[in-house]
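Below: one structure, written as structure tokens.
In the text below, chain A, chain B and the rest are named by the order of the sequence lines, each starting its count at 1.
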Number of protein chains: 2
Amino acid sequence: MLQLRDLPTQEVLRRFAQRYPEADVTAIASFLMLLRVATDLSVALDACLSKHDLLQGRWWVLILLMRETDLTSTPSVLAEKLGVTRASMTGLLDGLEQGGLVQRISVPQDRRSVKIQLTPAGQAKLDAVMPDYYTRLRLCMQGLNEQQRNDLQAILGVIDRGMSAWDFNQ
Amino acid sequence: MLQLRDLPTQEVLRRFAQRYPEADVTAIASFLMLLRVATDLSVALDACLSKHDLLQGRWWVLILLMRETDLTSTPSVLAEKLGVTRASMTGLLDGLEQGGLVQRISVPQDRRSVKIQLTPAGQAKLDAVMPDYYTRLRLCMQGLNEQQRNDLQAILGVIDRGMSAWDFNQ
DNA sequence: TCATTATAGTTAGGTGGCTAATTATGTCAA
DNA sequence: TTGACATAATTAGCCACCTAACTATAATGA
């Protein structure tokens with residue numbers, strides 16, 4: 001993922017706002033900061049996962065499977081939850097199955113469909129990764145008290161709902 | 001980009017926290033919400049830019065150039081600011097140059113280096129895109145007052161500084 | 001009944017990012 | 001002076017995602 005390292009100075013923002021009257025300087029600054037922190041986090045997550053021979057897409061699939069009480073789902077549902085195409089999910093599952101972390105099981109009731117199940121090896125992989133990941137995440141967030149965490153989630157919720165306005169006229 | 005569409009329920013988070021004592025539930029929830037909103041924004045941005053025949057990487061390069069008073073930079077500096085490798089920047093610049101949006105200019109003082117300059121066509125492209133982008137961004141952020149925007153930036157700043165802890169023991 | 005449509009998953013081919021190696025040029029110290 | 005190293009940009013080849021098209025199966029309705 002592309003990682004914005006260089007946020008604009010106040011002076012640059014003012015200059016852009018002068019050329020483009022539609023600009024809302026504090027909205028832009030907040031947006032850019034949000035993108036930057038999120039990409040930083042994603043890059044750091046990649047680094048953490050690579051130590052365990054995992055890529056982010058495959059790791060999310062394992063987590064989605066572990067969230068299910070029967071450790072099972074289908075390619076379509078997984079693709080929907082992960083926001084990738086079904087074609088991409090086929091590739092992710094190929095990789096995971098090759099590594100023995102998930103298992104494709106045919107479904108007699110609907111022969112178009114396939115069940116995807118987390119294997120014991122897949123669970124073991126998560127048991128190796130998650131403590132590492134959670135520990136880092138805890139450290140990374142420890143500067144925020146409960147109030148700030150709630151504030152953050154509330155503010156992000158407002159932005160997410162505001163995004164319906166994004167596609168207002170397409 | 002991968003777009004998390006499915007956040008865990010409180011019940012699932014509790015179950016994970018029970019298996020992994022390292023888990024900090026509110027830290028995880030905040031982190032996932034942050035990633036989700038950021039990827040949603042990035043996907044929406046992609047959609048907006050594609051209407052103008054632009055890809056995100058190339059668009060950021062144009063913006064970085066416009067931030068310079070002489071509309072000029074170098075591949076190395078642009079790569080650094082965008083958080084991509086110099087090899088990737090070569091590809092981005094190839095695309096932009098082919099579209100006439102930037103221009104490679106040789107530097108006699110250091111014959112290893114190349115100056116990259118925003119062309120009038122590149123500036124015109126930005127003049128077409130930015131009002132659209134800024135308008136959407138304004139709508140998307142209009143649910144937040146100035147206090148909340150400041151809070152958001154402050155909280156993100158804490159997380160960003162906390163990320164130095166991420167790589168604590170590699 | 002059976003043509004039409006919808007759905008599940010895969011395959012084929014394209015693209016943008018990556019790493020590693022290459023070419024060319026500049027810098028510096030013995 | 002010159003050998004070793006550093007730096008700038010590029011090329012070559014890999015990988016994960018994409019879209020579009022395909023196969024197989026199920027559901028629907030005239």
How long is the line joining CZ of R86(A) and C1' of dA12(C), in whole Å? 16 Å

Rounded to whole Å, the CG-P distance (L96(B) to dG16(C)) equals 11 Å

Note: for P108(B) and K115(A) on DNA chain C, the residue whose nearest nucleotide lies more 5' is K115(A)

Rounded to whole angstroms, how far apart are CG on L49(A) and C1' on dA16(D)? 15 Å

When the distance from CE of M89(A) to C1' of dC17(D) is rounded to whole Å, what number comes out? 12 Å

Lys/Arg-Asp/Glu bridge criterion (N-O < 4.0 Å) met for R19(A), D127(B): yes

Is S113(B) close enough to dA9(D) that one of its side-chain N or O atoms is under 4.0 Å from OP1 or OP2 there? yes

Got a salt bridge between K81(A) and E68(A), using NZ or NE/NH1/NH2 to carboxylate O under 4.0 Å? yes

Expressed in angstrom and rounded to an integer, what is the separation of R104(A) atom CZ from dG9(C) atom P? 9 Å

Name the nucleic acid region contacted by S88(B), choosing base, sugar-phosphate or nothing; use a 4.0 angstrom heavy-atom cut-off, strictly under. base

Any S76(B) side-chain N or O less than 4.0 Å from OP1/OP2 of dT7(D): no

Roughly, in whole Å, what's the span from CZ in R112(A) to P in dA8(C)? 6 Å

dT19(D), dT19(C), dA26(D): which one has an atom nearest the side-chain heavy atoms of A87(A)? dT19(D)

When rounded to the nearest 0.5 Å, the distance separating CD of Q153(B) from OG of S30(A) is 4.0 Å

Does this structure show an ion pair linking R58(A) with D94(A), if we count only N-O contacts that are shorter than 4.0 Å? no

Round to the nearest Å and state the distance from D110(A) atom CG to dT23(D) atom P. 19 Å

Categorize T90(A) for me: base, sugar-phosphate, or nothing, with a 4.0 angstrom heavy-atom threshold over every strand shown. base

Base, sugar-phosphate alone, or nothing: which one does T85(B) contact when heavy atoms must sit under 4.0 Å apart? base

Looking at V114(A), is its backbone amide N or carbonyl O close enough to the side chain of T74(A) to form a donor-acceptor pair, meaning the two atoms are under 3.5 Å apart? no

Atom-pair distance (CG on D94(B); P on dT15(C)), nearest Å: 14 Å

